[in-house]
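Shown next, in structure tokens, is the structure this report addresses.
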Amino acid sequence: MKRMMSRAASHPWIAIIRRQLPLALLTLLVVALAVPAAVLVAPAFTGQGPDPKTAASAVPAWQQVPRDLSLPQGISPLKDSAPVPWPDTLTAQLNATLQADGGGSFTGVVQDAATGQVLFDRDGSQARVPASNMKLLTAAAAVRAIGPDQRFSTRVVAGAEAGSVVLAGGGDVLLGAGESSRDTVMGHAGLATLARLTVQSLQEQGVKGPVQVRLDDSLFTGPALNPTWSPEDVAAGETAPLFPLALNSARYDAAVITGPRPQDAAMSAAEAFSSQLTAAGAAAGLPVTPGVVRGKAPEVEKQEVEKQEVEEQEAEKPDATGGDAADGAAGAVNPGTVLAEVQSATLRQQVDLMLQTSDNYLAEVLGRMAAIAAGQPGSNDGATATVFKQVQDLGIPTEGLRVADVSGLSLGNQVSAGQLSEVVRAITSGSEPSLRAAIGGFPVAGLTGTLGSRYTDPSTERGAGLVRAKTGTLNSVIALSGYVVDADGRLLVFSFIGNGLQPGAAGNRAALDRTASALASCGCR
């Protein structure tokens, strides 16, 4: 009997189960806490925590394997008294893990978030191609320029020609074809809802039709494609020509995030709206002329409107007085009258989605919307200039910084690990609380976003559920920038960038993940 038990205990499957069980329990706990953590963890980064004398344990709860799945009400703030890792000890550990597989090299910076002290620096001031880590700069710039709680409006305005209505793009490229879904980010504003509200408004104005749909996508200016992007990347669907309105972030299907994209996403959205308007109009006896043509919307009238709740996706409606509309003629509505409106998810939610999924199209649109908010043209040049200026205004040194695009797809971008680390520090624990809006968008190791399938092997599982970082990958580039609370309860921010790497070498991603995991488990004193 003892021999049988011994054989069972030594079976390799038993060893695997024993090793993976704590991680599985931790994963369940972190998934359950994912939503409240995004809200509750932000105050921890300010360093305002409970009296250290009342702390129950020297090791933070998020570093301990749970004994059961009963959930706490929140995450305790970090302690100012938590020790800072010793730089020499930390450097020795990271130098052992941060090694390129084949050609190329890694640079890196690790800082104490509270004080800014540099704990690890390997050529951290050297400008490098950052890949999608560029989106961290864009996220910070958009939050600063636009505001985390702002929404983008898609409107239908009465056109200048009798019987015409104009669909005017306002920056929402996450439109859905159906009814508005207030519980989602993609499809928060729906074209079916917009069409239904438009028909209601036209009926209230006494319009009989037929109605002609026009499209105004003039909010953005300049070339729709960045000249530094590879045509092969565009053809593969990494991005597409930019417009101020689109369905599914310029995807044919919201559930399919790879493959070619529509090359005229604004017209695709307008045609979907026309179809919905035709269906809604048929039910109400209001005919719609087939086809969509481009045309600029008249200036919106400054009139009193009835404001509806944003969550209910109701339109702003003019105060109908009868008058000329009583004769029922098409085009009786004054040009520029807002007939219907739907609004996007908040900027905070869109930034989260952009960072989680590393959506190049959404990043570029947010950059252009930030430019418009800052008084610059809604163009590529306006976006890149705005991102550069916002980073500069944060007090981050910009020596060597070059912003060729705002999504990271361009090989012309140049950012140092030190600059990226400072951007993460500004988001997590800087002096501008509004930047905390970007915290929830960092993918969680082994659980969410672009890190969801990583940190699953024994060499990196120590970081699962703990490392939160933005990924970046191009042909010979790989990067990882984010934050982690170490084993002593100290918040650390970091950035690691590999350039000139051997394409496809699996060891480079593993090197990044092992290095970030070493930070998570560090008690480096």
Side-chain angles (χ1 to χ4, degrees), residues 84-113 115-137 391 396-397 399-401 408 413-429 442-443 445 450-451 454-455 459-460 462-463 466-474 476-486 490-502 505-522 524:
V84 178
W86 189 251
D88 289 347
T89 305
L90 181 62
T91 296
Q93 289 195 21
L94 301 193
N95 279 338
T97 57
L98 195 62
Q99 298 293 331
D101 179 7
S105 63
F106 282 105
T107 61
V109 166
V110 178
Q111 291 177 271
D112 175 54
T115 65
Q117 178 186 354
V118 176
L119 307 174
F120 171 79
D121 187 344
R122 182 194 290 178
D123 296 323
S125 61
Q126 183 183 113
R128 300 202 127 191
V129 180
S132 282
N133 275 205
M134 177 62 73
K135 293 182 176 72
L136 291 172
L137 279 65
V391 172
I396 296 173
E399 183 178 359
L401 177 64
N413 292 313
Q414 292 285 294
V415 188
S416 70
Q419 289 163 337
L420 281 165
S421 180
E422 284 289 356
V423 170
V424 177
R425 183 170 172 247
I427 290 171
T428 60
S429 47
F442 285 77
T450 54
L451 286 182
R454 292 163 61 168
Y455 294 80
S459 69
T460 60
R462 293 174 299 168
L466 302 176
V467 174
R468 295 171 180 255
K470 179 70 194 78
T471 58
T473 306
L474 291 173
S476 59
V477 176
I478 191 167
L480 192 69
S481 300
Y483 63 93
V484 67
V485 178
D486 73 5
R490 197 77 190 184
L491 178 66
L492 308 177
V493 297
F494 63 88
S495 177
F496 307 119
I497 308 174
N499 274 194
L501 303 175
Q502 180 178 330
N508 291 317
R509 177 177 290 182
L512 286 182
D513 293 348
R514 283 196 301 268
T515 303
S517 295
L519 286 178
S521 59
C522 181
C524 306

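What you are looking at is a predicted structure, and each value in this text was computed from that prediction instead of being measured. Hydrogens, waters and symmetry mates are skipped; everything else that's a heavy atom, side chains included, is used.
Distance CZ/Phe494 to CG/Leu94: 10.5 Å, rounded to 0.5 Å. With rounding to the nearest 0.5 angstrom, the OG atom of Ser481 is 12.5 Å from the NZ atom of Lys135. Here the straight-line distance linking atom OG1 of Thr428 with atom CG of Leu492 works out to 10.0 Å at 0.5 Å rounding. Atom OG of Ser416 and atom CG of Leu401 lie 8.0 Å apart (nearest 0.5 Å). Taken from CD in Gln93 to CG in Asp88, the straight-line distance is 12.0 Å, to the nearest 0.5 Å. In this structure, CD1 on Ile478 lies 7.0 Å from CG on Leu501, to the nearest 0.5 angstrom.
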### Task
Could you go through the side-chain contact (heavy atoms from CB on, under 4.5 Å) check for Tyr455 and Leu466 one step at a time?
CA-CA 10 Å; Tyr455 294 80; Leu466 302 176; over 6 Å; no
### Message
Show, in sequence, the C-alpha distance, side-chain angles and deciding distance for Asn95 and Arg122, and conclude whether the side-chain contact (heavy atoms from CB on, under 4.5 Å) test is met.
### Response
CA-CA 9 Å; Asn95 279 338; Arg122 182 194 290 178; 3.0 Å; yes
#### Entry: Asp513 vs Leu480, side-chain contact (heavy atoms from CB on, under 4.5 Å): CA-CA, chis, key distance, verdict
CA-CA 8 Å; Asp513 293 348; Leu480 192 69; 4.2 Å; yes
### Message
Working note: Ser421 + Gln111, criterion side-chain hydrogen bond (donor to acceptor under 3.5 Å, both in side chains); need CA distance, chi angles, decisive distance, verdict.
### Response
CA-CA 7 Å; Ser421 180; Gln111 291 177 271; 2.6 Å; yes
### Message
Test side-chain contact (heavy atoms from CB on, under 4.5 Å) on Val391 and Gln419; report intermediate values, then the result.
### Response
CA-CA 9 Å; Val391 172; Gln419 289 163 337; over 6 Å; no
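For the residue pair Thr460 / Arg509, no side-chain donor-acceptor distance below 3.5 Å is found, with atom types taken as modelled.
For the pair Leu519/Leu90, a side-chain contact is recorded, criterion being any heavy-atom separation below 4.5 Å from C-beta on.
Of the possible donor and acceptor atoms, one in the side chain of Ser521 sits under 3.5 Å from a partner among the backbone N and O of Ser517.
Closest approach of Leu474 and Gly408 over heavy atoms only: CD1-O, 3.7 Å. In plain terms, the two heavy atoms of Ala479 and Asn133 that are nearest each other are CB-OD1, 3.6 Å. Among all heavy-atom pairs drawn from Ala113 and Ser429, the shortest one is O-OG, 3.3 Å.
Residue pairs satisfying the salt bridge (charged side-chain N to carboxylate O under 4.0 Å, His left out) criterion with at least one member in residues 413-425, sequence neighbours excluded, are listed as follows: Glu422-Arg425.
With sequence neighbours excluded, no residue satisfies salt bridge (Lys or Arg N to Asp or Glu O under 4.0 Å) with Asp121.
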